[in-house]
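Worksheet: the structure to be examined is printed underneath.
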Amino acid sequence: MEENRDTITYDENWQTVCESEVPVILDKDEADAEPSAEPKPFEPPRQLLLTAQLVVCVLIALAAFVLKSVGGDIYQTARNWYITSLNNTAIFDGREHFDLGILTEKATADEV
């Protein structure tokens, strides 16, 4: 078993490889030559959705802070609306007696 590890068995039509199969990032000639232009600075990928969510959250927090600092009826109205809406679900489950007929009232018979 040990002797099999020291020998390499080739197929019948085996030929040497002229070109390297390993990708070459930079040729030797290009490595020796000086770069003609300044290298581009690295720009990280922009995460537009994450940035938009962050901006919206900051704006909502700022509006809540302003409402709380102003106080009065506007704050109490917003606070009461928030407390009553806190446990509402965003998924239609039929408990809120929502009539879906308003979505199809202008539809023709073949569209319904």
Side-chain angles (χ1 to χ4, degrees):
M1 197 59 135
E2 288 293 321
E3 62 192 38
N4 288 341
R5 290 185 184 177
D6 295 334
T7 59
I8 300 174
T9 306
Y10 296 104
D11 293 334
E12 290 179 18
N13 296 329
W14 181 80
Q15 297 176 357
T16 59
V17 178
C18 298
E19 296 180 16
S20 173
E21 292 183 12
V22 179
V24 178
I25 297 174
L26 187 63
D27 290 338
K28 292 179 183 178
D29 297 336
E30 292 177 6
D32 295 338
E34 293 183 21
S36 60
E38 294 182 16
K40 249 170 56 175
F42 175 73
E43 293 182 23
R46 295 183 181 145
Q47 298 173 348
L48 186 60
L49 178 63
L50 186 64
T51 305
Q53 288 175 341
L54 181 64
V55 168
V56 168
C57 288
V58 167
L59 289 176
I60 290 173
L62 184 63
F65 180 73
V66 168
L67 277 177
K68 189 171 183 179
S69 64
V70 169
D73 292 334
I74 298 173
Y75 172 70
Q76 285 302 322
T77 305
R79 183 177 184 276
N80 290 337
W81 170 81
Y82 175 75
I83 289 173
T84 57
S85 299
L86 189 60
N87 292 325
N88 288 350
T89 180
I91 301 171
F92 177 71
D93 58 1
R95 291 186 291 174
E96 298 292 325
H97 306 293
F98 182 72
D99 183 21
L100 293 177
I102 62 171
L103 298 175
T104 60
E105 65 186 17
K106 293 186 180 183
T108 60
D110 61 333
E111 293 175 334
V112 177

Check your understanding: Does atom CG of D73 have more than 12 heavy-atom neighbours, drawn from other residues, nucleotides or ligands, at distances under 6.0 Å?
Key ->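 Atom CG in D73 is not crowded, with 12 or fewer foreign heavy atoms closer than 6.0 Å.
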Check your understanding: Are any side-chain N or O atoms of T84 and backbone N or O atoms of W81, one a donor and one an acceptor, separated by less than 3.5 Å?
Key ->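 Pair found, side chain donor or acceptor close to backbone of W81.
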What pairs of donor and acceptor atoms, side-chain ones from residues 56-70 against any protein atom, are under 3.5 angstrom apart with sequence neighbours left out?
unit_1 : atom_1 : unit_2 : atom_2 : d
S69    : OG     : F65    : O      : 3.2
S69    : OG     : V66    : O      : 2.9

